[in-house]
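Accompanying notes for the structure given below.
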2 protein chains.
Amino acid sequence: MNKHGEAIARFAKHKSTHGLKSSDKRSFVVDHFIQADRHFTVEELYFEVKKLRPEISYSTVYRALKLLAKCGLASESMFGETVSRYEPVHSSAHHDHLVCNKCGRIIEFENDKIEKLQKDVARNYDFLVSAHRLELYGLCKKCRRKKAL
Amino acid sequence: MNKHGEAIARFAKHKSTHGLKSSDKRSFVVDHFIQADRHFTVEELYFEVKKLRPEISYSTVYRALKLLAKCGLASESMFGETVSRYEPVHSSAHHDHLVCNKCGRIIEFENDKIEKLQKDVARNYDFLVSAHRLELYGLCKKCRRKKAL
DNA sequence: TATGAAATTGCAATTCATTTTCATAATTGT
DNA sequence: ACAATTATGAAAATGAATTGCAATTTCATA
């Protein structure tokens with residue numbers, strides 16, 4: 001089963017174990033989020049969905065994202081903005097982010113060495129880590145070029 | 001000159017270069033923040049200040065913190081909460097954080113190796129870094145113990 | 001010391017994203 | 001089809017951040 005299929009299945013399972021009912025609209029939002037496979041604010045996802053299904057409300061999108069977060073298919077974070085972003089959670093390794101202050105692009109990266117050093121730090125402080133975030137803010141490749149012109 | 005003296009001086013300089021006037025109330029807030037030398041939300045600082053100087057309003061505290069942030073003596077961040085926190089900026093090297101999810105304690109640490117690896121990552125993506133944040137969330141030493149009981 | 005332009009303050013009002021409420025509609029098990 | 005429960009949309013509520021404005025204070029200059 002592909003990655004998206006897994007996610008869909010996981011959502012279905014969450015529904016059945018939590019006594020949720022099916023809904024066309026919610027399914028549409030969930031599928032769209034999973035297919036798109038990128039970061040969204042509630043508003044961004046809402047506007048994309050609205051183009052295709054204008055009858056779907058902000059509330060439904062909002063609640064769908066919350067639900068995705070609950071069943072572990074999306075994670076919520078702030079990226080230094082005042083709005084929350086939801087990003088798809090992949091079964092793969094944890095990743096960190098490069099956030100472009102100019103165009104807003106978010107680039108994911110993984111770095112095992114950094115992960116390991118983080119564990120070392122935690123051990124030094126006798127700290128039990130359950131989650132972490134690492135974000136580098138600045139200018140992405142494209143925006144550096146633009147700036148140079 | 002000690003660390004606090006430096007900060008006070010820097011604030012005074014910012015005032016003079018920006019045509020700001022002196023004010024007892026603002027000075028009190030600023031001094032308290034600098035002396036305390038720890039993380040605050042606006043509300044937390046407001047309540048502490050209010051105990052000693054009840055006539056000082058929330059607005060004044062709010063604006064004082066904004067001002068401190070502008071002149072580089074405080075930095076604003078979210079630490080996964082819905083409220084902003086202001087932390088004193090030390091002239092020393094950049095530091096990262098361990099955030100205890102239980103008691104809210106925030107521990108600072110520095111790690112040059114991690115900093116260096118971050119630069120490597122950025123270089124790989126042709127990304128120009130202007131700021132970064134690294135936070136490890138979990139349980140601090142004390143809370144781990146409590147949990148064990 | 002008196003003056004006036006400019007900054008500061010407190011309070012209330014606004015903004016803005018998030019979250020909840022509630023009446024109505026849709027879904028599911030019997 | 002019925003009853004019970006969940007989902008939905010629109011509007012209202014919430015919560016923190018921010019601003020507008022009138023009153024007050026500061027400070028350089030007269």
Side-chain angles (χ1 to χ4, degrees), chain A residues 11-33 39-71 74-87 104, chain B residues 11-33 39-47 49-50 52-71 74-87 104:
Chain A
F11 187 73
K13 185 171 183 183
H14 188 267
K15 275 201 308 183
S16 73
T17 55
H18 287 73
L20 305 185
K21 295 179 177 172
S22 302
S23 139
D24 242 24
K25 294 172 179 174
R26 183 170 59 199
S27 295
F28 186 85
V29 176
V30 166
D31 290 353
H32 191 87
F33 177 77
H39 298 253
F40 281 103
T41 62
V42 178
E43 205 180 14
E44 283 165 1
L45 182 55
Y46 169 60
F47 279 120
E48 280 200 13
V49 161
K50 200 168 65 159
K51 282 181 203 159
L52 304 164
R53 299 281 302 270
E55 77 280 16
I56 294 178
S57 74
Y58 181 93
S59 301
T60 295
V61 175
Y62 169 82
R63 289 189 272 230
L65 280 172
K66 279 287 172 194
L67 204 48
L68 283 163
K70 267 187 199 157
C71 58
S75 82
E76 222 174 346
S77 46
M78 302 277 298
F79 293 110
E81 304 160 300
T82 56
V83 293
S84 298
R85 271 179 192 281
Y86 291 80
E87 68 166 317
Chain B
F11 187 73
K13 185 172 184 183
H14 183 85
K15 275 202 307 182
S16 72
T17 55
H18 288 72
L20 305 186
K21 294 178 176 173
S22 302
S23 137
D24 241 25
K25 293 173 179 176
R26 182 169 59 200
S27 295
F28 186 84
V29 176
V30 166
D31 290 353
H32 191 87
F33 177 77
H39 298 252
F40 281 104
T41 63
V42 177
E43 204 180 13
E44 284 165 2
L45 183 53
Y46 169 59
F47 280 122
V49 161
K50 200 168 65 159
L52 305 162
R53 297 280 303 270
E55 78 281 14
I56 295 178
S57 74
Y58 181 93
S59 300
T60 295
V61 175
Y62 170 81
R63 289 190 269 233
L65 280 173
K66 278 286 173 194
L67 204 49
L68 283 163
K70 266 188 199 157
C71 58
S75 81
E76 222 174 345
S77 47
M78 304 275 300
F79 294 110
E81 303 161 300
T82 57
V83 293
S84 297
R85 271 180 191 280
Y86 290 79
E87 68 166 319

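On a predicted model such as this, the values are computed, not experimentally measured, just so you know. Chain identifiers are assigned alphabetically (A, B, ...) following the order of the sequence lines, protein sequences preceding nucleic acid strands; residue numbering begins at 1 within each chain. Any value given below was found using the heavy atoms of this structure, including those in side chains, with hydrogens, waters and symmetry copies removed.
The distance between atom CZ of A:F28 and atom P of D:dT8, rounded to the nearest whole Å, is 13 Å. Residue B:L65 contributes atom CG, which lies 14 Å from atom C1' of D:dA16 at whole-angstrom precision. Across the protein-nucleic acid pair, A:M78 atom CE and C:dC16 atom P stand 16 Å apart, rounded to whole Å. Taking atom CG of residue B:L67 and atom C1' of nucleotide D:dA17, one finds them 17 Å apart after rounding to whole Å. Protein atom CD of B:E81 is 16 Å distant from nucleotide atom P of D:dG15, rounded to whole Å. B:E44 places its CD atom 16 Å from the C1' atom of D:dG15, with the value rounded to the nearest Å. Look at CG on B:L45: it is 16 Å from C1' on D:dA16, rounded to the nearest Å. For the pair B:R53 CZ and C:dT9 C1', the interatomic distance rounds to 12 Å; values are reported in whole Å.
With sequence neighbours excluded, no residue forms a side-chain hydrogen bond (donor to acceptor under 3.5 Å, both in side chains) with A:S84. In this view, B:R85 and B:E44, B:E81 satisfy the salt bridge (Lys or Arg N to Asp or Glu O under 4.0 Å) rule, not counting sequence neighbours. Taking B:H39 as the reference, nothing meets the side-chain hydrogen bond (donor to acceptor under 3.5 Å, both in side chains) condition, with sequence neighbours excluded.
In this structure, D:dA30 and C:dT1 make a Watson-Crick or G-U wobble pair, each of the two defining distances being under 3.5 angstrom.
Expressed to the nearest 0.5 Å, how far OG1 of A:T60 lies from CZ of A:F28 amounts to 12.5 Å. One finds the CG atom of A:L65 at 8.5 Å from the CZ atom of A:F40 (value rounded to the nearest 0.5 Å).
DNA chain C is contacted by both B:G19 and B:K25; B:G19 maps to the nucleotide lying nearer its 5′ end (nearest heavy atom per residue).
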TODO: Treat primed atoms plus P, OP1 and OP2 as sugar-phosphate and everything else as base, then score nucleotides 17-30 of chain C 5' to 3': B for base contact with protein heavy atoms under 4.0 Å, S for sugar-phosphate contact only, - for none.
DONE: SBBBB-----BS--
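Identified under the salt bridge (Lys or Arg N to Asp or Glu O under 4.0 Å) test for residues 49-70 of chain A, with sequence neighbours left out: A:R53-A:E55, A:K66-A:E76. Residue pairs meeting the side chain to side chain donor-acceptor pair (under 3.5 Å) criterion with at least one partner in residues 16-27 of chain B, sequence neighbours excluded, are B:K15-B:S22.
For B:K15 and C:dA7, the shortest distance from a side-chain N or O to OP1 or OP2 is not below 4.0 Å. Contact check, A:T60 against D:dG9: a side-chain N or O comes under 4.0 Å of OP1 or OP2.
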